[in-house]
Protein chains: 2
Amino acid sequence: MKVLIVEDDPLHRSYLHEAVNAALPECDTVIEAENGTAGEKLARDHKSAHIVMDLQMASRNGIEAARTIWKERPETRILFWSNYSDEAYVRGVSRIVPDGAAYGYVLKSASDERLKLALRSIFIESQCVIDREVRGLQQKSLGQTNGFTDSEYEILVDIALGLTDRAIAKRRGLSLRSVQNRLQQLYDKLDVYQTAGDDHEDGRFNLRARAVTIAFLRKLLNYSALERAEAELQEWLDGK
Amino acid sequence: MKVLIVEDDPLHRSYLHEAVNAALPECDTVIEAENGTAGEKLARDHKSAHIVMDLQMASRNGIEAARTIWKERPETRILFWSNYSDEAYVRGVSRIVPDGAAYGYVLKSASDERLKLALRSIFIESQCVIDREVRGLQQKSLGQTNGFTDSEYEILVDIALGLTDRAIAKRRGLSLRSVQNRLQQLYDKLDVYQTAGDDHEDGRFNLRARAVTIAFLRKLLNYSALERAEAELQEWLDGK
DNA sequence: AAACAAGCTGCGGGTTTACGCAAGACGGCG
DNA sequence: CGCCGTCTTGCGTAAACCCGCAGCTTGTTT
């Protein structure tokens, strides 16, 4: 059995290496990559079936890498090992995991024991292991209550990118009014009004900008999500 | 000699601990804190004069902590040890360092050797040690060319928070038109137009939102800067 | 089939933004 | 002192944004 580790930080990488050795005696080879790009390449070359991967990496982040890896071989088992449980990450991962694939999401703050258990569960038993904290987010995020629909999230990303209503309409194939409808819906859910008007007339917020701010503060968006969205946007722009 | 380490990540913390021991034989005590709040408290209790600190921490980030520590005892020597050289961090640090204080900014990607050297330079020789990469940013950031004035940065933060022109005017004691002037200035510097109109009429951006996006992508803003700004805003709002 | 909820769309109007134009205000400089 | 560059402010306009109202198209429920 072979395990591929994809992780930026040398300290964390060697820690993972040890953890893998300790948890999986049946594993005879461990290979390492220090960024997403290298990770993809190694996964392809070695036909890796077992991967442990960080989400936040400079060159090409974990979600990007995982997507292309899973596209090539959907049965690959991936354990995401991340510092954060940003809703943006959780949503990003949920979007790309293939049907029936075994994967895991464990926080770096988890104990050695938990990490080892997760390694065995996923790689040996093919079971999904999602950190409790992440699980909670996932439920409320994908469930309708208090969560955001895909279309709501989509428009959130669009205004975060700085598109005008008109541009969004064109991009998503909607009328201007529909875009604005969705915006209102979004403003509602993000509670932009509460913080906005308050009592006085003066403390007003710019709804559109404020929505993005709140989304950021709530980690519904983060840098990596923005980066990804920006890349998609450019792609779309080039395709006229 | 006593050294205080303030760092989230246990692995990095113990690495730092070892590095300090190796680099500073004259150091007899090392104490550790795992977040900014605890760091402040320990610094106060122990009257720490030598601190190594991460910037990105969950509970209270390094900049916040450093500010209050320096406020109480400006001669404290602090070495910032960070993963990133976001312009937002660099600017944040430059703002709070007291006149003549010895401090350092070293990236986590630096070699053991560099870290040890920095430790000795700052704590023993009272010299400032700024990572080359960070230094570059600092120069161009604070120098006028291609850098952002304080007033430009200020208004960038304000729109990133989602304030309206009117609210900004009130907050900063300016007229509406002046606020809009500064916005235009900002749009210019951020090159919002280039990406905006391009050729066609359709691909238009919402300048205000786009400026924030670009600032984020360029790491002129980041989560921690936003968080800080939001806290200041709330404070201002409460003070009517 | 009728009833209903949910989403898309056009219309209209009130507000906010973006910005050109031009008139002061302030600080250096020859 | 007068000249000049930078910053501020008011006026005015065109565009973009926010949103209530109402008519339509769906898919779902009873």
Side-chain angles (χ1 to χ4, degrees), chain A residues 143-145 147-156 158-198 200-214, chain B residues 143-145 147-198 200-215:
Chain A
Q144 61 285 38
T145 347
F148 291 80
T149 329
D150 283 345
S151 65
E152 283 158 358
Y153 189 74
E154 204 175 58
I155 207 163
L156 169 60
D158 284 341
I159 58 171
L161 285 173
L163 294 171
T164 59
D165 291 2
R166 196 187 313 282
I168 299 175
K170 199 152 296 183
R171 184 176 187 200
R172 306 297 183 185
L174 292 172
S175 76
L176 229 184
R177 189 61 181 89
S178 294
V179 170
Q180 295 171 337
N181 267 341
R182 292 191 177 182
L183 279 175
Q184 275 185 262
Q185 209 173 324
L186 181 70
Y187 298 156
D188 262 345
K189 281 218 184 161
L190 281 177
D191 234 14
V192 187
Y193 303 106
Q194 178 121 19
T195 54
D198 237 26
H200 315 310
E201 300 297 302
D202 46 271
R204 253 275 181 345
F205 282 111
N206 176 318
L207 298 180
R208 173 178 286 245
R210 187 61 181 169
V212 177
T213 313
I214 292 182
Chain B
Q144 61 283 35
T145 347
F148 290 72
T149 331
D150 282 345
S151 63
E152 282 158 358
Y153 189 74
E154 204 174 60
I155 206 161
L156 168 61
V157 170
D158 284 341
I159 58 171
L161 286 172
L163 295 170
T164 59
D165 290 3
R166 195 186 316 282
I168 299 175
K170 199 151 296 181
R171 185 177 185 197
R172 306 297 182 187
L174 293 172
S175 75
L176 229 182
R177 189 60 181 89
S178 292
V179 170
Q180 295 171 336
N181 264 342
R182 293 193 176 180
L183 279 175
Q184 275 184 263
Q185 209 173 323
L186 181 69
Y187 297 155
D188 261 346
K189 280 217 186 164
L190 280 176
D191 232 16
V192 187
Y193 303 105
Q194 177 122 19
T195 55
D198 237 25
H200 315 311
E201 301 296 305
D202 46 270
R204 252 270 176 358
F205 283 111
N206 175 318
L207 298 180
R208 174 179 287 244
R210 186 62 181 168
V212 177
T213 313
I214 292 181

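Since we're looking at a predicted model, the values are computed, not measured. Chain naming here is simple, since letters A, B, ... match the order of the sequence lines and numbering starts at 1 in each.
If you measure from atom CD of B/Gln185 to atom C1' of C/dT17, you get 17 Å, rounded to the nearest angstrom. For the pair B/Leu207 CG and D/dC17 C1', the interatomic distance rounds to 13 Å; values are reported in whole Å. D/dC17 atom C1' lies 15 Å from atom CG of A/Leu186, rounded to whole Å. Residue B/Gln184 contributes atom CD, which lies 16 Å from atom P of D/dT6 at whole-angstrom precision. The separation between B/Asp150 atom CG and D/dC7 atom C1' is 16 Å, rounded to whole Å. A straight line from CZ of A/Phe205 to P of C/dT16 spans 15 Å, rounded to a whole angstrom. Put simply, CD1 on A/Ile155 is 13 Å from P on C/dG7, counting in whole angstrom units.
Partners of B/Ala160 according to the side chain to side chain contact (heavy atoms under 4.5 Å, CB included) rule, which considers only residues two or more places apart in sequence or in another chain, are B/Val212, B/Leu221. Taking B/Arg172 as the reference, B/Glu154, B/Asp158 meet the salt bridge (Lys or Arg N to Asp or Glu O under 4.0 Å) condition, with sequence neighbours excluded.
Between the CZ atom of B/Phe148 and the CD1 atom of B/Ile155 there is a distance of 13.0 Å, given to the nearest 0.5 Å. Put simply, CG on B/Leu207 and OH on B/Tyr193 are 5.5 Å apart, with the number rounded to the nearest 0.5 Å.
Taking every heavy atom of both residues into account, A/Leu156 and A/Leu190 meet most closely at CD1-CD1, 4.5 Å. Here the closest heavy-atom approach between residue B/Ala211 and residue B/Ile159 is recorded as CB-CD1, 4.2 Å. Across B/Gly162 and A/Ala209, no two heavy atoms sit closer than the pair CA-CB, 3.7 Å. Here the closest non-hydrogen pair linking A/Phe205 and B/Thr164 is C-CG2, 3.4 Å.
Of the residues in residues 173-183 of chain A, A/Arg177, A/Gln180, A/Leu183 come within less than 4.0 Å of DNA chain D through at least one heavy atom, sorted by number.
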Set out, line by line, the N/O atom pairs under 3.5 Å between protein and nucleotides 14-16 of chain D.
| unit_1 | atom_1 | unit_2 | atom_2 | d |
| --- | --- | --- | --- | --- |
| D/dA16 | OP2 | A/Arg166 | NH2 | 2.9 |

Report each atom pair, protein N/O against N/O of nucleotides 24-28 of chain D, whose distance is under 3.5 angstrom.
none

Check against side chain to side chain contact (heavy atoms under 4.5 Å, CB included), B/Lys189 and B/Thr149: CA-CA 10 Å; B/Lys189 280 217 186 164; B/Thr149 331; 4.1 Å; yes
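For the pair A/Tyr193 and D/dC19, the criterion of a side-chain N or O lying under 4.0 Å from OP1 or OP2 is met.
Listed for the B/Arg210 side chain is a donor-acceptor partner under 3.5 Å among the backbone atoms of A/Leu161.
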For residues 174-185 of chain A, which side-chain N or O atoms pair as donor and acceptor with protein atoms under 3.5 Å away, sequence neighbours left out?
| unit_1 | atom_1 | unit_2 | atom_2 | d |
| --- | --- | --- | --- | --- |
| A/Ser175 | OG | A/Arg177 | N | 3.4 |
| A/Ser175 | OG | A/Ser178 | N | 3.2 |
| A/Ser175 | OG | A/Ser178 | OG | 3.1 |
| A/Arg177 | NH1 | A/Asn181 | OD1 | 2.9 |
| A/Gln180 | NE2 | A/Asp165 | OD2 | 3.2 |
| A/Gln185 | NE2 | A/Glu152 | OE2 | 2.9 |

